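As the structure is a computational prediction, the values presented were derived from the model and not from experiment. Below, all heavy atoms of this structure are taken into account, side chains as well, without hydrogens, waters or symmetry copies.
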Amino acid sequence: VQLQASGGGLVQAGGSLRLSCLANGRPFSKHNMGWFRQAPGKEREFVTAISYTGRGTYYADSVKGRFTIARDNAKNTVYLQMNSLKAEDTAVYYCAQGTREYYFDDRSRLAAEYDYWGQGTQVTVSS
């Protein structure tokens with residue numbers, strides 16, 4: 001399985017970015033997908049997750065109302081639309097594919113629920 005994240009960059013506070021993550025190697029539509037991030041000197045943290053159907057989502061409180069996760073199972077791709085970006089959103093963003101098939105619950109907030117990870121894409125928000 002390979003996950004390829006893209007779309008990061010430098011943006012001013014209040015701006016927007018859209019991240020994409022292309023997954024290959026096993027049936028995409030069977031697995032939940034998640035985004036995590038890691039800022040310098042901090043631990044990796046949960047950002048958002050989406051169910052294998054795309055109908056269920058979870059968000060960290062810090063991004064709720066500003067970020068939106070979506071997926072296109074026909075394209076094996078998950079997206080993260082980030083609006084109203086803040087300096088504290090600066091981090092390396094990682095997409096991840098869930099281990100379990102056809103099951104989605106709030107354990108999808110946990111990094112341990114994911115067995116494949118992308119290489120990360122840097123998001124820098126200038127204030």
Side-chain angles (χ1 to χ4, degrees):
V1 176
Q2 289 187 324
L3 303 180
Q4 180 69 43
S6 60
L10 174 63
V11 63
Q12 288 188 332
S16 298
L17 280 175
R18 189 176 83 151
L19 306 183
S20 300
C21 176
L22 173 64
N24 287 300
R26 64 185 180 185
F28 184 75
S29 62
K30 292 184 178 180
H31 296 271
N32 307 324
M33 297 295 295
W35 287 96
F36 291 74
R37 66 187 182 185
Q38 187 167 18
K42 295 188 176 181
E43 293 187 353
R44 190 174 298 189
E45 65 173 0
F46 169 77
V47 177
T48 180
I50 189 166
S51 68
Y52 55 96
T53 62
R55 289 194 288 267
T57 57
Y58 292 111
Y59 293 93
D61 288 344
S62 59
V63 306
K64 201 172 295 183
R66 300 187 297 120
F67 290 11
T68 303
I69 190 171
R71 66 189 294 160
D72 185 337
N73 285 350
K75 296 182 178 179
N76 287 6
T77 301
V78 62
Y79 305 97
L80 180 61
Q81 178 67 44
M82 304 185 294
N83 298 329
S84 302
L85 282 161
K86 306 175 181 180
E88 50 264 43
D89 295 318
T90 295
V92 177
Y93 283 71
Y94 298 90
C95 61
Q97 190 170 64
T99 304
R100 292 179 291 165
E101 295 182 357
Y102 297 133
Y103 193 79
F104 183 67
D105 64 14
D106 63 2
R107 284 177 292 177
S108 294
R109 298 174 181 270
L110 304 176
E113 287 291 306
Y114 299 85
D115 54 355
Y116 289 100
W117 294 77
Q119 83 287 2
T121 185
Q122 177 70 47
V123 171
T124 303
V125 184
S126 62
S127 57

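Residues V123 and L3 share a single hydrophobic cluster, defined by chaining ILVMFWY side chains whose heavy atoms lie under 4.5 Å apart. Residues L80 and V11 fall within the same hydrophobic cluster, defined by Ile, Leu, Val, Met, Phe, Trp and Tyr side chains chained together at heavy-atom separations under 4.5 Å. Cluster annotation: M82 is connected to Y59 through the hydrophobic network of ILVMFWY side chains, with a link wherever side-chain heavy atoms come within less than 4.5 Å.
A 4.5 Å side-chain heavy-atom check between Y103 and N32 finds every atom pair outside the cut-off. Contact check for D115 versus V1: no side-chain heavy atoms found under the 4.5 Å cut-off.
A side-chain donor-acceptor contact under 3.5 Å links Y58 to the backbone of D106.
Nearest heavy-atom pair across V47 and V63 is O-CG2, 3.6 Å. Closest of all the heavy-atom pairs between T77 and S20 is CG2-CB, 4.3 Å. Of all heavy-atom pairs spanning T53 and R55, the tightest one is OG1-N, 3.1 Å. Heavy atoms only, all atoms of each residue included: R107 and E113 are closest at O-CG, 2.9 Å. Of all heavy-atom pairs spanning R37 and A91, the tightest one is CB-CB, 3.8 Å. Here the closest non-hydrogen pair linking T99 and Y114 is OG1-C, 3.7 Å.
The distance from the CG atom of L19 to the CD1 atom of I69 is 10.5 Å, given to the nearest 0.5 Å. Taking CZ from R109 and CZ from F46, the interatomic distance works out to 5.0 Å, rounded to the nearest 0.5 Å. To the nearest 0.5 Å, atom CE of residue M33 and atom OG of residue S51 are 12.0 Å apart. Atom CD of residue Q119 and atom CD of residue Q4 lie 4.5 Å apart, to the nearest 0.5 angstrom. Atom CG of D72 is separated from atom OG of S29 by 11.5 Å, given to the nearest 0.5 angstrom. H31 contributes atom NE2, which lies 9.0 Å from atom OH of Y116 (distance to the nearest 0.5 angstrom).
A cation-pi arrangement is found for R71 relative to F28, the charged atom lying closer than 6.0 Å to the ring centre and inside a 45° cone about the ring normal.
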For the pair T90 and Q122, evaluate side chain to side chain contact (heavy atoms under 4.5 Å, CB included) and give the outcome as yes or no after the intermediate values. CA-CA 8 Å; T90 295; Q122 177 70 47; 4.0 Å; yes
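You'll find the ring centres of W35 and F67 outside the 6.0 Å limit. In this structure, Y52 has its ring center no closer than 6.0 Å to that of F104.
Within a 6.0 Å radius of CD in Q2, no more than 12 heavy atoms belonging to other residues, nucleotides or ligands are found.
The pair D89-K86 fails the salt-bridge criterion, with no side-chain N (NZ, NE, NH1 or NH2) lying under 4.0 Å from an Asp/Glu carboxylate O.
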